[in-house]
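Before any comments, here is the structure.
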Amino acid sequence: MSIDSWASAAGRGDSAARLRKAVIPAAGLGTRFLPATKATPKEMLPVIDKPAIQYVVEEAVAAGLDDVLMITGRNKRPVEDHFDRAYELESALKAKGDTERLAAVRASSELAAVHYVRQGDPRGLGHAVLCAAPHVGAEPFAVLLGDDLIDPRDPLLARMIEVQKNFGGSVVALIAVDPDQIHLYGCAATLLLDGEADLVRVTDLVEKPAAESAPSNLAIIGRYVLAPEIFGVLRETPPGRGGEIQLTDALRVLAADPSIGGPVHGVLFSGRRYDTGDRADYLRTIVKLACERDDLGPGFREWLEGYVAKGFTD
């Protein structure tokens, strides 16, 4: 399957019937990509010919979520502009008869109903999620972090929505990582569930533990489906690691006492994930996706094979 089918491959299903809203925190400064992000939001850095944030919105839409709230901050206006209509550009493309690029430009503004709220004081992921409370209300909702791109051939979010529908509560996405990498992630202690190969019950969570104290090698990645009770817990959650309000700490409360807002489950994910928050992984992502493109792949792969054969020299 071509990677061009990103927006439609994951499919919709009955599992999304109770859950329509997605929250995308997009207020970070992107310091790992300076100086490129001095004036350009990190979410707008291109992954080939689309900004990373568009892949994330397309993933939400493919899973049946048509109401998207972005948590933004200062200097994020280009994100809003990208999902708005660009009438002058559209008129110019229409006049030239460039229907292909016209459709590409319009696509981002027609994906979903996109809303925005400013975080103001950046006080961590937990605080960013709390900013969504007035918009979300008493509904379960998804949180998608823009650094993680999930390949549509591996519909992780649709599976998480299905789990939330069947079990209630909250759901986190988990991957197995090398122990020496666990300090970069939130980490989950889990119990296996009978008859569920990809599903575990989360009993505890720790934010970025040292390898020797980590309860497992299961790391939380940037996909969550959350019960609305998370907002009440976040309001009472003190600053944690890094002096920030950590979503992991609030989920730990829910995992310890399911009577508050249901249990916390984890979906074990072993599919294709592209980490665009790291410079080296960002480059690898572009190479992988370019190689799979129908329009770019054949020529790019031929050039890449020759470049490698020549010892990475022209």
Side-chain angles (χ1 to χ4, degrees), residues 1 8-23 56 59-65 129 138-145 148-179 181-182 185-207 209 213-230 233 247-275:
M1 185 197 76
S8 58
R12 300 169 186 262
D14 293 337
S15 62
R18 291 173 50 205
L19 201 153
R20 295 179 46 250
K21 294 180 179 178
V23 174
V56 178
E59 179 189 349
V61 171
L65 310 183
V129 171
E139 304 174 35
F141 63 104
V143 174
L144 299 86
L145 304 190
D148 279 330
L149 305 187
I150 305 298
D151 195 294
R153 292 166 291 188
D154 303 304
L156 170 62
L157 186 58
R159 172 59 173 152
M160 295 174 70
I161 291 171
E162 177 185 39
V163 169
Q164 201 281 332
K165 178 180 179 181
N166 292 338
F167 294 92
S170 298
V171 187
V172 298
L174 301 173
I175 61 168
V177 300
D178 292 335
Q181 296 294 304
I182 197 65
Y185 298 89
C187 177
T190 64
L191 293 174
L192 296 175
L193 297 178
D194 293 338
E196 299 284 353
D198 68 337
L199 189 62
V200 293
R201 173 77 174 269
V202 175
T203 59
D204 196 11
L205 300 106
V206 184
E207 179 67 16
S213 60
S216 75
N217 71 329
L218 293 176
I220 305 168
I221 59 171
R223 296 295 180 273
Y224 307 81
V225 176
L226 301 176
E229 287 81 2
I230 194 74
V233 178
L247 181 59
T248 303
D249 293 341
L251 284 167
R252 186 181 193 188
V253 173
L254 295 182
D257 186 357
S259 68
I260 297 174
V264 178
H265 287 92
V267 171
L268 304 176
F269 183 64
S270 58
R272 286 155 284 204
R273 166 185 174 248
Y274 310 104
D275 181 3

Trace of the side-chain contact (heavy atoms from CB on, under 4.5 Å) decision for Leu156 with Ile221
CA-CA 11 Å; Leu156 170 62; Ile221 59 171; 4.2 Å; yes
Working for salt bridge (charged side-chain N to carboxylate O under 4.0 Å, His left out), residues Lys165 and Glu162:
CA-CA 5 Å; Lys165 178 180 179 181; Glu162 177 185 39; over 6 Å; no
Derivation and outcome, side-chain contact (heavy atoms from CB on, under 4.5 Å), residues Leu199 and Val267:
CA-CA 5 Å; Leu199 189 62; Val267 171; 4.1 Å; yes
Should Leu268 and Thr190 be marked as a side-chain contact (heavy atoms from CB on, under 4.5 Å) after you check the CA-CA gap, both sets of side-chain angles, and the distance that decides it?
CA-CA 11 Å; Leu268 304 176; Thr190 64; 5.9 Å; no
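The NE2 atom of His265 sits 5.0 Å away from atom CG of Leu193, with the distance rounded to the nearest 0.5 Å.
The side chain to side chain contact (heavy atoms under 4.5 Å, CB included) test with Leu205 singles out one residue from Leu247, Asp249, Ile220, and that residue is Ile220. Among Val264, Val143, Leu254, the one residue that satisfies the side chain to side chain contact (heavy atoms under 4.5 Å, CB included) test with Leu226 is Val143.
In this structure, Asp148 contributes its side chain and Gly222 its backbone to a donor-acceptor pair below 3.5 Å. Side chain of Ser170 to backbone of Ala227: a donor-acceptor contact under 3.5 angstrom is found. For Asp204 (side chain) and Ala189 (main-chain N/O), no donor-acceptor pair under 3.5 Å exists by modelled atom type. One N or O on the side chain of Gln164 and one on the backbone of Gly169 form a donor-acceptor pair closer than 3.5 Å.
Judged as a salt bridge (Lys or Arg N to Asp or Glu O under 4.0 Å), the pairs with a partner in residues 218-230 (not counting sequence neighbours) are, in order, Glu59-Arg223.
Side-chain contact check for Asp178 versus Asn217: every heavy-atom pair is 4.5 Å or farther apart. The closest side-chain heavy-atom distance from Val129 to Tyr224 is not below 4.5 Å. For the pair Leu65 and Leu157, the minimum side-chain heavy-atom distance is below 4.5 Å. Ile260 has its side chain within reach of Val233: a pair of non-hydrogen atoms, C-beta onward, lies under 4.5 Å apart.
Residues Gly266 and Leu174 approach most closely at CA-CD1, 3.9 Å, considering heavy atoms. In terms of heavy-atom proximity, Ile182 sits nearest to Ala214 at CG2-CB, 3.9 Å. Closest non-hydrogen pair, Ala250 versus Ile230, comes out as CB-CD1, 3.7 Å. Of all heavy-atom pairs between Met160 and Val172, the closest is CE-C, 3.7 Å. Closest approach of Ala142 and Leu19 over heavy atoms only: N-CD2, 3.9 Å. In plain terms, the two heavy atoms of Ile175 and Phe269 that are nearest each other are CG2-O, 3.4 Å.
Listed by chain and residue number, Lys21 satisfy the side chain to side chain donor-acceptor pair (under 3.5 Å) test with Glu139 (two or more places apart in sequence, or in another chain).
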